[in-house]
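All values below were derived from every heavy atom in this structure, side-chain atoms included, with hydrogens, water molecules and symmetry-related copies excluded. Both ligands and their constituent atoms are indexed starting at 1 by order of listing.
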Amino acid sequence: LSTARSASTATMETTYIMIKPDGVQRNLVAPILERFLAKGYILRGLKFMNVSKSLAETHYSDLSAKPFFGALVDYIISGPVVAIALEGKDVVAQARKLIGATNPLASAPGTIRGDYSIEIGRNVIHGSDSVENATKELALWFSEGLVDNNPVLRSQTFADRP
Ligand code: IDP
Ligand code: MG
């Protein structure tokens, strides 16, 4: 009962998802998108793009002191990415659940990383880790703004049930 109540009062959010270069190169764009869209999240942004070094460094600036930071930036700029904005109830935390743990060795089967990756340095996908960071990352990657996508479908998909 408490789970149902917290789900029904959960706020609508938008999160930033990114299919990293290895996911693109391994032809995982369609199967990854399929998971989020089939679940019912609303697409608010989608673009295929190359990433500048400064954009990658800004995106991962919280990790700039880590020993793997340089390798991480090189990974993200190694080929085009797919930048995605998704809207839905509690979507920031829910998308992280669908994505799985950072290290694929710890990601459960059934999660995206659990199903499609082995190495932490090639873990195919990014998802914002908090609403605050989602807001920052969406502003960074979609500075042009999001797409106002089909409010009719949205109200049907997320209508609260009694
Ligand atoms: P997250 O992507 O699950 O939010 P973060 O800790 O924010 O994980 O790290 C960002 C990305 O940096 C990871 O997805 C992974 O690609 C890379 N990374 C994290 N830790 C390591 C590491 O120990 N070695 C190499 N790469 C790492
Ligand atoms: Mg992170």
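In this structure, the side chains of Gln94 and Tyr41 come closer than 4.5 Å at one or more pairs of heavy atoms. Between Pro104 and Tyr116 there is no side-chain heavy-atom pair separated by less than 4.5 Å. Side-chain contact between Val81 and Ile19: absent, with no pair of heavy atoms (C-beta onward) separated by less than 4.5 Å.
Annotation for ligand 1: atoms under 4.0 Å from non-hydrogen atoms of Lys20 are 13 (C), 14 (O), 16 (O). Residue Tyr60 has at least one heavy-atom neighbour below 4.0 Å for each of these atoms of ligand 1: 10 (C). Listed by number with element, the atoms of ligand 1 under 4.0 Å from a non-hydrogen atom of Leu63 are 7 (O), 9 (O), 10 (C).
Among all protein heavy atoms, the one lying closest to atom 18 (N) of ligand 1 is Phe68 CE1, 3.5 Å. The protein heavy atom nearest to atom 11 (C) of ligand 1 is Leu72 CD1, 3.9 Å. For atom 3 (O) of ligand 1, the closest non-hydrogen atom of the protein is Thr102 OG1, 2.4 Å.
Aromatic ring pairs are classed by plane angle as parallel below 30°, tilted from 30° to 60° and perpendicular above 60°; the pair His59 and Tyr16 is perpendicular.
Tracing side-chain contacts under 4.5 Å through hydrophobic residues (I, L, V, M, F, W, Y), one reaches Leu140 starting from Tyr75; they form part of the same cluster.
Here Ile120 has heavy atoms under 4.0 Å from ligand 1 in both its backbone and its side chain. In Arg96, the part holding a heavy atom less than 4.0 Å from any atom of ligand 1 is the side chain.
Taking 4.0 Å as the cut-off, Asn123 counts as a neighbour of ligand 1 on heavy-atom distance. Judged by the shortest distance from any of its heavy atoms, Arg113 lies inside the 4.0 Å radius around the atoms of ligand 1. Contact between Arg122 and ligand 1 is absent, with no heavy atom of the residue lying under 4.0 Å from the ligand.
Using a 3.5 Å distance cut-off with no hydrogens or angles, the side chains of Glu137 and Asn133 do not pair a donor with an acceptor.
Within a 6.0 Å radius of NZ in Lys47, more than 12 heavy atoms belonging to other residues, nucleotides or ligands are found.
Residue Asp90 is tested with Met12, Glu13, Lys97 for a side-chain contact (heavy atoms from CB on, under 4.5 Å); the sole match is Glu13.
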